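First up is the structure itself, then whatever we jot down about it.
No experiment lies behind these values; they were computed from the predicted model shown. Numbering of residues begins at 1 and proceeds along the displayed sequence.
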Amino acid sequence: MTANLPPQYDPKATETKWQKYWEDNQTFKADPEKGGEPYCVVIPPPNVTGSLHMGHAFEETLIDVLVRYHRMTGRNTLWLPGTDHASIAVQTILEKQLKAQGKTRHDLGREKFLERAWEWKAESGNTITNQLRSLGVSVDWSRERFTMDEGLSAAVLEAFVRLYDEGLIYRGNYLVNWCPASQSAVSDLEVDQQEVEGHLWHFRYPLTDGSGYLEVATTRPETMLGDTGVAVNPEDDRYKHLIGKTVTLPIVDREIPIFADELVDASFGTGCVKVTPAHDPNDFEMGKRHNLPFINIMNKDGTLNENAREFQGQDRFVARKNVIKRLETDGILVKIEDYKHTVPYSERGKVPVEPLLSTQWFVKIDPLSGRALEALDQNNSPVFVPERWTKVYRDWLVKLKDWCISRQLWWGHQIPAWYAVSETNGEITDTTPFVVAKTEAEAREKAETKFGRDVQLARDPDVLDTWFSSGLWPFSTLGWPDETKDLDFYYPTTTLVTGFDIIFFWVARMTMMAGHFTGKMPFETVYIHGLVLDENGHKMSKSKNNGIDPLLLIAKYGTDALRYTLVKEVIGAGQNIRMEYDRKTDESKSVETSRNFTNKLWNAARFVMMNLEGQTPQQLGSPPYLVRSEDFSPHGERTEVLTTNQVRSEDFSPQQERTEVLTTNLSDRWILSRYYQVVQQSRTCLENYGLGEAAKGLYEFIWGDFCDWYIELVKSRLQQDAEPNSKKVAQQTFAFVLEGILKLLHPFMPHITEEIWHTLTQTGDGDCLALQAYPEPEPSLINPELEQQFELLFGTIRTIRNLRADSDIKPSVKVTAILQSENEKERQILLDGSVYIKDLAKVENLTVTASLGADLGQTIAGVVGTVQVLIPLAGVVDLVALRGKLEKKLAKVEAEIKHTAARLTNQKFVDKATPDVVQGARDALAESEKQAEILRDRLKLF
């Protein structure tokens with residue numbers, strides 16, 4: 001029985017089938033014992049709280065294309081999956097649940113809260129990984145990691161203790177980004193810079209000696225309660241005479257100095273800057289330089305403390321209004337200006353962050369960034385694609401400041417520091433001595449040595465920034481600090497694929513940590529991709545509510561269609577792509593196009609298999625690769641021995657007359673040339689991260705060359721009465737090229753290609769396309785001259801088809817065609833390809849000539865290159881009836897033009913109609929005018 005595919009492609013059934021097959025059979029399980037050249041990628045770990053969004057779909061698809069390709073080229077491949085514990089996100093979810101019950105985490109206590117967190121992780125934490133499965137990612141699920149699993153937790157402890165013992169982790173009182181909503185320090189990455197329409201308040205600080213005042217301006221007037229100085233630029237002549245004097249701070253009556261600092265921009269505002277060292281990063285640095293007092297006016301919940309005097313206990317924004325009222329009442333307020341500026345918001349707390357003095361744990365950056373800089377400057381490691389990101393990465397390494405790694409949360413890696421609280425009355429204070437250790441037992445041993453056996457210990461309640469564990473991800477996931485086979489073989493990893501928005505925060509942390517702990521950069525190459533923009537070219541975000549759900553598009557069009565769309569849209573590495581999307585219908589034209597491509601491939605494969613008579617590519621054998629025109633002497637003698645199943649010398653006449661067998665075999669050699677061109681192009685593109693270019697090249701070859709042309713070219717050779725040898729060669733070429741197409745396309749569309757390949761090859765369980773060898777280029781079979789000849793043939797066929805359509809010649813009617821060219825080489829090409837022209841353009845009589853006769857009668861003509869194409873119309877078309885038909889069509893279109901133009905010149909219509917209706921009318925007018933132009937051109941022909 002002949003094996004074949006069902007008439008309709010069912011993406012849902014096919015994709016579910018193969019996703020299950022690959023995972024059940026551990027198809028992508030890596031094995032370092034097999035040796036070879038490794039190719040390793042660790043997944044950028046999505047948050048355990050996450051759901052698949054378009055950014056995930058884009059990134060994981062790009063990675064999967066690379067991984068599947070390199071696996072097929074024979075490299076020992078590992079794509080390691082996993083998730084991040086997402087401290088703030090998980091804690092936010094749980095605290096919302098508790099709040100709904102009228103409770104807080106403190107009501108539960110730390111132990112019960114963490115039990116609840118692990119329960120949540122077990123119940124809901126697999127959502128994102130299951131959704132990743134629906135993308136068909138070829139990860140090794142047996143190696144799935146979680147940043148708080150036992151092994152990675154041990155790695156975090158090892159890293160922290162080592163860094164502390166080396167003097168690279170310290171505890172100190174510094175300015176941090178503080179989120180009053182979550183009451184925790186947040187990293188720079190957890191801060192979203194939002195542009196807001198705010199105000200700039202100007203007020204006067206009177207000189208203490210009564211000789212005048214200085215005018216300052218601020219966007220945060222409540223912070224003036226913590227001012228401890230006023231700064232001016234040392235070169236500003238307006239204020240040089242005031243440097244060293246003092247002003248009296250309104251409301252609190254504090255005398256504060258006027259000092260000079262180069263940080264002040266004399267051209268901005270009045271050139272005078274109020275300095276609040278405890279609540280502004282720049283002021284913090286100036287405060288340290290000039291030994292100013294650091295006065296904190298804010299509690300951790302965003303209310304003002306006792307240093308705010310009469311405003312104590314007020315929320316910071318309430319206090320802002322009240323401070324302004326007081327300044328206005330006291331005659332201090334000068335003016336209020338509208339002012340658009342950037343405000344840092346906590347991504348999780350959704351409130352403006354507050355620069356706040358706080359005792360936190362920090363990592364010293366200099367030694368770590370120095371090693372990463374050395375690797376970059378001396379070895380260009382890692383390599384960035386596109387290369388322009390190298391400079392940006394380097395600049396960030398130079399600018400990085402010490403990293404605040406403590407977070408005031410419970411879910412996460414608890415800091416391994418124990419305080420000797422018996423030394424400070426049972427409480428943890430800024431001065432309580434502590435020890436750092438991997439375990440409580442080890443900590444007690446250390447503490448008893450220092451403070452005696454009666455010492456009381458309390459562990460630091462804070463947890464580490466999630467980026468600390470993520471910074472260890474490329475090597476901790478492979479077993480570090482243990483010396484494992486995975487770590488030895490797969491590290492450093494090969495490629496990191498990530499977005500430019502976290503290059504500095506995550507990439508820099510990984511390179512610094514890896515350089516310090518392993519002495520190597522964690523990856524050879526960093527491939528930076530762009531963003532997926534919405535249909536209007538805007539960045540997708542929750543706040544704009546303009547996201548596009550990839551799962552919805554998968555359900556509508558299939559995973560392979562979405563994957564292919566995302567990759568094909570990439571024009572140049574690192575570029576943003578725009579997703580076409582209709583929010584009214586939840587449809588995407590671009591994904592629909594890719595879905596149509598899967599249907600085209602499916603139908604073409606069905607046609608091929610219907611004509612293989614139940615034989616597989618292996619049973620049919622290889623097509624006649626060695627058949628080239630130069631293989632035959634002028635007298636038809638073969639110049640080299642051909643293997644079995646290839647064209648026999650008796651297929652050709654002694655005088656080298658081109659028989660139909662030789663002529664039709666031109667198409668086999670053409671498709672093989674095109675195939676190997678695409679093999680070479682695909683490999684070159686994928687090796688150089690030109691994923692979009694590779695996808696587009698395959699689309700054009702499969703849809704255009706193979707489906708639209710080659711299948712049509714060989715149909716006549718597959719008939720029951722076809723010449724046996726020619727039929728066999730056509731079947732061999734058909735099967736060979738189709739199998740090659742499936743291999744080439746597999747990294748992009750893994751599900752449909754796997755399904756077709758299994759049916760084509762009739763392969764049973766235990767083997768799959770994903771593990772087959774990627775096609776190798778064969779330069780000797782690439783024939784640019786032959787390809788150019790076929791372009792002329794195809795252009796001629798298209799022209800004849802267009803002329804037939806213009807003349808309303810019925811598809812069943814065969815015509816006479818005359819091809820005229822003064823170029824002898826062109827004429828020979830047309831003669832050699834005459835079988836194809838006659839077959840595909842429905843031509844009964846074909847004449848190829850250098851010049852035209854005097855009387856050809858009524859003809860319709862077209863041009864392809866320097867070839868003139870003519871079709872005599874006598875006996876084929878009723879010219880009078882055709883002309884009448886065209887005139888009737890033209891009259892109707894002209895009436896439509898008149899009507900639509902009148903509407904658009906009616907000002908009442910333009911004013912009252914919606915913009916969409918007006919634009920629709922304009923589009924309809926343009927389309928009608930185009931139709932009218934075409935009809936007039938056609939009338940000129942008759």
salt_bridge(D237, K240) N-O dist < 4.0 Å: yes

Within 6.0 Å of CD in E262, more than 12 heavy atoms from elsewhere: no

Any donor-acceptor pair under 3.5 Å from Q91 side chain to W411 backbone: yes

E255 (side chain) donor-acceptor with T208 (main chain) under 3.5 angstrom: no

Residue pair L533, M540: steps toward the side chain to side chain contact (heavy atoms under 4.5 Å, CB included) verdict: CA-CA 6 Å; L533 307 178; M540 296 185 200; over 6 Å; no

Exam field: side chain R110 to backbone P461, donor-acceptor pair closer than 3.5 Å: yes

L472 side chain reached by F517 side chain, heavy atoms, under 4.5 Å: yes

Atom pair NE2 (H241) and OG (S211), whose distance is rounded to the nearest 0.5 Å: 7.0 Å

Donor-acceptor pairs under 3.5 Å, side chain of residues 359-366 to any protein atom, not counting sequence neighbours: which ones?
from	atom 1	to	atom 2	distance (Å)
T359	OG1	D430	OD1	2.7
T359	OG1	D430	OD2	3.2
Q360	OE1	S406	OG	2.5
Q360	OE1	Q408	NE2	2.8
Q360	NE2	S358	OG	2.6
W361	NE1	D460	OD2	2.8

Name of the residue among I295, V252, N305, T276 meeting side chain to side chain contact (heavy atoms under 4.5 Å, CB included) with L225: V252

Side-chain donor-acceptor contact under 3.5 Å, D402 with Y170: yes

Test side chain to side chain contact (heavy atoms under 4.5 Å, CB included) applied to R116 and R105, step by step: CA-CA 10 Å; R116 190 161 182 160; R105 58 176 162 140; over 6 Å; no

Expected output: side-chain D236 to main-chain N233 donor-acceptor under 3.5 Å: no

P180 and its side chain to side chain contact (heavy atoms under 4.5 Å, CB included) partner, picked from V351, N299, D301: V351

G499 versus H529, closest heavy-atom pair with distance: N-NE2, 3.4 Å

Nearest atoms (heavy-atom pairs only) where T83 meets P45: C-CB, 3.8 Å

Between CD on residue E387 and CD1 on residue I528, distance to nearest 0.5 Å: 12.5 Å

Any side-chain heavy-atom pair of F434 and R171 under 4.5 Å: yes

Contact check, side chains of I243 and V232, non-hydrogen atoms, under 4.5 Å: yes

Pairing residues for V318 by the side-chain contact (heavy atoms from CB on, under 4.5 Å) criterion, not counting sequence neighbours: Q314, D315, N322

S470 and D84: CA distance, side-chain angles, deciding distance, side-chain hydrogen bond (donor to acceptor under 3.5 Å, both in side chains) verdict: CA-CA 7 Å; S470 295; D84 186 272; 2.8 Å; yes

Intermediate values then yes/no, side chain to side chain contact (heavy atoms under 4.5 Å, CB included), Y174 and L357: CA-CA 5 Å; Y174 285 85; L357 270 179; 5.6 Å; no

Separation between NZ of K544 and CG of N536, rounded to the nearest 0.5 Å: 10.0 Å

Gap separating the NE2 atom of H516 from the CD atom of E166, nearest 0.5 angstrom: 3.5 Å

N425 and E427: side chain donor to acceptor below 3.5 Å: no

Parallel, tilted or perpendicular: ring planes of W467 versus W506, cut at 30 and 60 degrees: tilted

Working for ring pair (Phe, Tyr, Trp, His ring centres under 6.0 Å), residues W178 and H279: CA-CA 10 Å; W178 186 263; H279 293 283; over 10 Å; no

Residues K288 and E285 bridged, charged N to O under 4.0 Å: yes

Any donor-acceptor N/O pair, N546 side chain to S541 backbone, under 3.5 Å: yes

Heavy-atom pair of closest approach, residues P355 and D280: CB-N, 4.0 Å

Side-chain touch F294/N173, heavy atoms, less than 4.5 angstrom: no

E337 versus H199, side-chain donor and acceptor atoms under 3.5 Å: no

Distance-only donor-acceptor check, side chains H341 and E195, under 3.5 Å: no

Within the 6.0 Å centroid threshold, strictly below: Y393 and F384: yes

Nearest-0.5 Å distance, OH of residue Y419 to OG1 of residue T431: 11.0 Å

Mutual orientation of the aromatic rings belonging to F468 and W403 [parallel < 30°, tilted 30-60°, perpendicular > 60°]: tilted

Flag, side chain of D534 to backbone of G537, donor-acceptor distance under 3.5 Å: yes

Pair E215 + R204: basic N to acidic O under 4.0 Å: no

Donor + acceptor pair across side chains of H53, S51 (<3.5 Å): no

Audit row: V273, F268, side chain to side chain contact (heavy atoms under 4.5 Å, CB included) steps and yes/no: CA-CA 9 Å; V273 176; F268 181 77; over 6 Å; no

Heavy-atom pair with the smallest gap, counting every atom of I297 and A308: O-CB, 4.4 Å

Any donor-acceptor pair under 3.5 Å from R407 side chain to C404 backbone: yes

Flag side-chain contact, heavy atom, 4.5 Å: L249 against M224: yes

Short N-O contact, E354 and R316, less than 4.0 angstrom: yes

Under 3.5 Å: donor-acceptor pair, side chain of R459, backbone of Q414: yes

For V90 against W120, the heavy-atom pair lying closest together: CG2-CZ3, 4.1 Å

Validation row: T511, L368 side chains within 4.5 angstrom (heavy atoms): no

Parallel, tilted or perpendicular, as decided by the 30° and 60° cut-offs, for the rings of Y164 and F160: parallel

Lys/Arg-Asp/Glu bridge criterion (N-O < 4.0 Å) met for D261, R289: yes

Reported NZ-to-CG distance for the pair K274 and D227, which is rounded to 0.5 angstrom: 3.5 Å

Y239 vs L214 side-chain heavy atoms within contact, under 4.5 Å: yes

Aromatic plane relationship, H290 with F259 - under 30° parallel, 30 to 60° tilted, over 60° perpendicular: tilted

Test item: L327 and W201 side chains (from C-beta on) under 4.5 Å apart, heavy atoms: no

Positive for side chain to side chain contact (heavy atoms under 4.5 Å, CB included) with R326, one of D330, V323, I324: D330

